[in-house]
2 protein chains.
Amino acid sequence: MSKTWKEDVQAAIRAGERISDQHIVDKVRHAVLTQRLPPGTRLPEVTLGEIFGVSRSVVRKALTRLTANHVIDQRPNQVARVRSPSIDETLETFAARRLVEGEVVALLAGHLDEEQRQALEALSRLEVDAHQRGDEPARIEHSLAIHHRLAELSPNRVLGAMLTDLILRTSIVIALYKRPSLASCFLEGDHPRLLECLRDAEPEAARQVIGDHLQALENLLDLGPREAEADLMAILGQSRAMGA
Amino acid sequence: MSKTWKEDVQAAIRAGERISDQHIVDKVRHAVLTQRLPPGTRLPEVTLGEIFGVSRSVVRKALTRLTANHVIDQRPNQVARVRSPSIDETLETFAARRLVEGEVVALLAGHLDEEQRQALEALSRLEVDAHQRGDEPARIEHSLAIHHRLAELSPNRVLGAMLTDLILRTSIVIALYKRPSLASCFLEGDHPRLLECLRDAEPEAARQVIGDHLQALENLLDLGPREAEADLMAILGQSRAMGA
DNA sequence: CGCAAGCATAGTGTATACAATTTCCGAGCT
DNA sequence: AGCTCGGAAATTGTATACACTATGCTTGCG
């Protein structure tokens, strides 16, 4: 079961695709997003090189960029691993995204042309359709596409780029901490409501809607118990400088 | 005049410092900040390698990271150059920083312990001192240190990291677009006022003060005329695909 | 049976060689 | 003079070799 994504990639190579560090970054990012590369997965340079048919030089560049993108963890002399953000970081990432995405949609309200608005509404309809026919992966894909598009459309491109990053990071932690019980984290009507605010040029309403949307998403996660880790630290960490 | 920073670096190497990509990143970043490496400066890999006494492998990693940090521009098969953000991007960077730094100080208001507060006030006094004795470089250094410290102290470390990035980027464009006429862009009393708000636990006042501070800073820049570039494009660019 | 030391394996860090590409300059033509 | 067409120099892209570090397993001892 763990070999499938490798086969995908190698098929693409056989098909004659140009391979560069950008492709590796994209593939790994997407595989992480879709949970085909779960957090903690080892990413040895030679292995990646064999998979993509390139040498370690190219892989190394890709890994460096993935590290900058907060997708993987790279520590000296150790294998790169898919990042697994802590619960604290998850909360902070969501808070940051609420701030940034709220500002972006506020800036966007009333500043979309007809074509852009209709493209967004089409995506929203695709999302609803996918949900109604129970195709959760497709629904997630379309939902992500909406937010991603908002980031692209941001009049402030600096904020837009930051939002792109935050969308990726929140997606990763959603996949990580999603309650197994919950089949879907589809929040009925949120996206259509947002698009209404954008159409009607109501920046503060748009900010509110996206804020509530993200808060609701966060509330669907299983972020309760800190588990043993923190307790161990509290119990055993009486004197700080004893080990080394 | 262009050799001085190289000598600095080589002296450091002779002194036995460990060189790694992190050191190169730091050195280049600092040199860009202090305008010893003005925007547009070429950064060939072999040259940097000779300067720092390492091979291109290490330099390349550093350059990749600097690209991710928006400090340099790297385009395929071309020499890396110090980035020179456009006026539009400058405006957008400032807007992004107002948003993020405003949130950070709002979160920080009333949540600083005595030690942290006094450290910030000490920095603020150093800034005033430097200004009064006319030492502008030192004043900038201390001012930067205050903002940088705020980013470090941010309870939300995701926002803190984003703020660190934005401080660097705004500093670069300040250096780029500073009106030559203005000797100093010291905004009397802004920092002490901010620290008061933090001490008195007034988040919204703190957000307001930092927002005004950054707006005032932005207003000191020379961002008016778009110069000939845009005009040339408008006048000569009648048909897009003629050159190549 | 548990445990620690040591060796084999796996993996990263760095330097270097060679290929491919761009850039710059000069010669030659109009 | 101006313009274009080489061609050499400079520079990046990629692969590979070797050294160093970490990891894991096995062996030997208590």
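Because the structure is a prediction, the values reported are computed rather than measured. Every chain is numbered from 1, with letters handed out A, B, ... down the list of sequences.
Atoms CD (A/E50) and P (D/dT16) sit 12 Å apart, rounded to a whole Å. The separation between A/H23 atom NE2 and D/dG13 atom C1' is 15 Å, rounded to whole Å. The CZ atom of A/R81 sits 11 Å away from the P atom of C/dG11 (whole-angstrom rounding). In this structure, A/Q22 places its CD atom 12 Å from P of D/dT14, rounding to the nearest Å. With rounding to whole Å, B/K61 atom NZ is found 19 Å from D/dT12 atom P. Remark: P of D/dA15 and CG of A/D21 are 12 Å apart, rounded to the nearest angstrom. Separating the CG atom of A/N77 from the P atom of C/dG11 is a distance of 14 Å, rounded to the nearest angstrom. Atom CG in A/L43 sits roughly 18 Å away from atom P in C/dA10 (whole-Å rounding).
Counting distance only, with no hydrogens placed and no angle test, the side-chain atoms of B/R56 and the base atoms of D/dG13 include a donor-acceptor pair under 3.5 Å.
Side-chain proximity of B/V58 to C/dA15, D/dG13, D/dT23: nearest is C/dA15. Checked against D/dT12, C/dG11, C/dT16, the side chain of A/P44 finds its nearest nucleotide in C/dG11. Residue B/S55 has its side chain nearest to C/dT16 when only D/dT14, C/dT12, C/dT16 are considered.
Between A/F94 and A/I174, the closest heavy-atom pair is CZ-CG1, 3.9 Å.
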Legend entry - Criterion side-chain contact (heavy atoms from CB on, under 4.5 Å) on B/D222 and B/K178, from CA distance to verdict: CA-CA 6 Å; B/D222 185 16; B/K178 186 167 52 182; over 6 Å; no

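Salt bridge A/R169/A/E89: present, at least one basic N to carboxylate O contact under 4.0 Å. A salt bridge links B/R98 and B/E218; the closest N-O separation between the charged side-chain nitrogens and carboxylate oxygens is under 4.0 Å.
Comparing A/P76 and B/V46 by the nucleotide of DNA chain D whose heavy atom lies nearest to each, the residue mapping closer to the 5' end is B/V46.
A/R42 comes within 4.0 angstrom of sugar-phosphate atoms only, judged by non-hydrogen atoms across all strands, and of no base.
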